[in-house]
Amino acid sequence: MMNTKDIVYIALFAALMAGLGFVPAITIPSIGVPVTAQSLGIMLAGGILGAKRGALSIVLFLVLVAVGLPLLAGGRGGLGVFSGASGGFLLGWIAAAYAVGYIVEKYWNKLNIISAAGACILGGVVLLYAIGIPWVTVAASIPFMKALMGSLAFIPGDLIKAVFASAVIVAVKNQYPLISK
Amino acid sequence: MISLYYPATSPVHKLAAGIKVLLLLILGTVLFQVEQIEILVGVAVLVVSLYGVAKIPFKLAFGQLRPALYLLAIVFIAQIFISDLETAIFVVLRFAILILAASLVTLTTMMSDMIAALEKGLSLFQRWIPVAKVSLALSLTIRFIPVIGVITQEVREAQRVRGMERNLFAIFMPTIIRTLKMGTEIAEALDARSFDAEDEISTGKSKK
Amino acid sequence: MITLQSVNVGFNGRPVLEDVSLQLQEQRVGVIGLNGSGKSTFARLLNGLQLPDAGAVSVDGFDSRKDGRKVRRRVGFVFQNPDNQIVYPTVREDMSFGLKNLKYPKQDIEQRIEKALSLYGIDHLADRLTHQLSGGEKQLVALVGVLIMQPEYIVLDEPTTLLDLRNKRRLMSIVRELGQRIIMITHDLDLLSEFDRVLCFHDGKLLADGTPEIVIEKYLNTCDK
């Protein structure tokens, strides 16, 4: 059941997601693809708050984006961002946060950087693309393989983010654990 | 908090938020059933003229499309190679209409009206969704976005003094820990003002 | 009347408060002590934010463990940092938060807010964004947000720590006028001279209890070495 603290953590993490939107995107020189801090926030939400609260904080964040706050990286917001070709990735964030949280909860007692990174990669990269790419395929009538190839450029950046996120998740677990198992 | 709302008096602005969102959902569903490009062009003209009715300057209207232009260009080129020019125009036009229509709703509706409409919509499902909690969570998030901004700034400055402003880990960790600690105090303050999270559920159950 | 009966509180196996028994019925009670002396825990016991591990706390006959909600309704709480206690984006909305929780009808809420804002001289802040208020304004808003719920007692946990001299005076002049019973935790010893009673905690125990002069002297002799 959700108590007052759960509601507060969900709200604060949604606010943190918004804060990450103001962090300028870092372009990784070797591949030339911009990496935004917000997709890092997805992994952190699940990994720090756990599956349910993590996913709900992303839902809350996206609701605020939908009602017109320009909180996505680059100052984007409003209902328009969901009707574009990348709308699937935004909705995929919810499932991704849930999956990362679910795996982290499973391994909670023996959580280390390896298992946390595994959770971030499976939930925050593999599952996210598994939802985002078919969406692009259908919405833009592009064959699946082409959409997949087009997304590959982002993978190296995502992997770096997953490793970084897992280090943060493990460190927060040691200092201020919020998942009780 | 800066919202994307563009203040003006127009019939589009006056229309209830809930109805605008509903119309948008219908449009989104219908557009994917349409196969003739003539109808699409007609809808596009209609949406653009609604921008005129809403007195939204051209620059601002175009600005709604700009973030999506890059992706739309990729889709356009890909479609030319995969199928033909007509399909490419068709697909890109469909996206443009959806984005413009959705942005029109956002530009002409105040955030507080949008949230009120959302809460009204949710209250239809109040047996499953704790509406008061959702609305508190929404307000808390809006309230604490600037607070977290200040925390991040303070952490950055503290790390700059130590020459660690480029160390992302040294910025993320203190920001997150301070945010979580703040959460404990906020929860206490909520309860001190008689917000009983558990109670709402129990009264909700007794209503049945 | 607030009554504590042999109250014990521990944290991670360490005692934070040991065997505290007392009755509070004075108009203004001050609480002093070093950091970590247990005075903050004491404050949180009074409105049920903290429950005793052993012993009991009761407010006007209501036990904080059994009747938590009634206790919280009677005892308002003002925290040190107003930033963590103002929970809505605008002042007006934040005022309505407590009243909504007490299930007042909507029209009643609006009237009460107008009345309270003008009574405490902050009507001009009504539609301001809480984030943009100054530190002193925030503390006032936090205090009025509690007063508007009309508690019988008000616990203030170091309310002046983050304020400058002028805002401290302004806050204290409002506190002095309040009809409610006040329990104020503070490091500002000079604020307590007019108080009816002062408690001093040291290492989780009640070190001294009495008039301001006597207790403050004992506090300085014991702790300021």
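In the text below, chain A, chain B and the rest are named by the order of the sequence lines, each starting its count at 1. On a predicted model such as this, the values are computed, not experimentally measured, just so you know.
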Peer 1: Does atom CD1 of A/Ile114 have more than 12 heavy-atom neighbours, drawn from other residues, nucleotides or ligands, at distances under 6.0 Å?
Peer 2: no
Peer 1: At a heavy-atom separation under 4.5 Å, does B/Phe169 approach chain A through its side chain, its backbone, both, or neither?
Peer 2: both
Peer 1: For A/Ala18, is it the side chain, the backbone, both or neither that has a heavy atom under 4.5 Å from a heavy atom of chain B?
Peer 2: side chain
Peer 1: What's the shortest heavy-atom distance between A/Tyr9 and B/Leu180, and which atoms?
Peer 2: CE2-O, 3.5 Å
Peer 1: Can you tell me which of A/Ser57, A/Gly19, A/Pro143 forms the most heavy-atom pairs within a distance under 4.5 Å of chain B?
Peer 2: A/Pro143
Peer 1: Tell me, yes or no, whether the heavy-atom count around B/Glu86 atom CD, taken from other residues, nucleotides or ligands under 6.0 Å, exceeds 12.
Peer 2: no
Peer 1: Measure distances from B/Ile148 to the heavy atoms of chain A and classify the residue's part below 4.5 Å as side chain, backbone, both or neither.
Peer 2: side chain
Peer 1: Return the minimal non-hydrogen interatomic distance between B/Ala187 and A/Thr4, and the atom names on each side.
Peer 2: O-CG2, 3.8 Å
Peer 1: Using heavy-atom distances under 4.5 Å, tell me whether B/Ser139 contacts chain A through its side chain, its backbone, both, or neither.
Peer 2: neither
Peer 1: Using every non-hydrogen atom in the two residues, find where A/Ala11 and B/Leu140 come nearest and quote the distance to one decimal.
Peer 2: CB-CB, 3.6 Å
Peer 1: Would you call B/Lys133 and A/Ile10 a side-chain contact if the rule is heavy atoms closer than 4.5 Å?
Peer 2: no
Peer 1: Any chance CZ of A/Phe82 has more than 12 other-residue heavy atoms, nucleotides or ligands included, within less than 6.0 Å?
Peer 2: yes
Peer 1: Quick check on B/Ser103 against chain A: is it the side chain, the backbone, both or neither that has a heavy atom closer than 4.5 Å?
Peer 2: both
Peer 1: On a heavy-atom basis, which atom in B/Ile99 and which in A/Gly80 lie closest, and how many Å separate them?
Peer 2: CG1-O, 3.9 Å
Peer 1: Where do B/Leu190 and A/Ile7 land on the side-chain contact (heavy atoms from CB on, under 4.5 Å) test, with the steps shown first?
Peer 2: CA-CA 10 Å; B/Leu190 290 173; A/Ile7 298 170; 6.0 Å; no
Peer 1: Hey, what do you get for CG (B/Asp191) to NZ (A/Lys5), rounding to the nearest 0.5 Å?
Peer 2: 9.5 Å
Peer 1: Using heavy-atom distances under 4.5 Å, tell me whether A/Ala147 contacts chain B through its side chain, its backbone, both, or neither.
Peer 2: neither
Peer 1: Look up atom CD1 in B/Ile176 and atom CD in A/Gln175, then write down how far apart they are to the nearest 0.5 Å.
Peer 2: 10.5 Å
Peer 1: Heavy-atom distances under 4.5 Å only: say whether A/Leu12 touches chain B with side chain, backbone, both or neither.
Peer 2: both
Peer 1: Of the backbone (N, CA, C, O) and the side chain (C-beta and beyond), which part of A/Leu56 lies under 4.5 Å from a heavy atom of chain B, both, or neither?
Peer 2: neither
Peer 1: Is it the case that over 12 heavy atoms from other parts of the model lie below 6.0 angstrom from the OH atom of A/Tyr176?
Peer 2: yes
Peer 1: Please state whether the side chain, the backbone, both or neither of B/Arg143 comes within less than 4.5 Å of a heavy atom of chain A.
Peer 2: neither
Peer 1: Go through B/Ile177, B/Val105, B/Leu24, B/Asp113 and name the one with the most non-hydrogen pairs under 4.5 angstrom from chain A.
Peer 2: B/Ile177
Peer 1: With a 4.5 angstrom heavy-atom cut-off, is it the side chain or the backbone of A/Val63 that approaches chain B, or both, or neither?
Peer 2: side chain
Peer 1: Please tell me if the side chains of B/Val75 and A/Ile142 come closer than 4.5 Å, counting only heavy atoms from C-beta onward.
Peer 2: yes
Peer 1: CG/A/Leu69 to CD1/B/Ile142 distance, rounded to the nearest 0.5 angstrom?
Peer 2: 5.5 Å
Peer 1: Can you see which heavy atom on A/Val8 is nearest to which on B/Gly183, and at what distance?
Peer 2: CG1-O, 3.5 Å
Peer 1: Using 0.5 Å steps for rounding, measure from the CG atom of B/Leu107 to the CG atom of A/Leu79.
Peer 2: 10.5 Å
Peer 1: Side chain, backbone, both or neither: which part of B/Leu136 has a heavy atom under 4.5 Å from chain A?
Peer 2: side chain
Peer 1: Give, as side chain, backbone, both or neither, the part of B/Ala78 having an atom under 4.5 angstrom from any heavy atom of chain A.
Peer 2: side chain
Peer 1: Which one wins on heavy-atom pair count under 4.5 Å against chain B: A/Leu60, A/Leu178, A/Leu44?
Peer 2: A/Leu60
Peer 1: Using a 6.0 Å cut-off, check whether atom NZ of A/Lys173 has over 12 heavy atoms from anything other than its own residue.
Peer 2: yes
Peer 1: Quick one: closest heavy-atom pair of B/Met114 and A/Ala66, and the distance?
Peer 2: CE-O, 4.3 Å
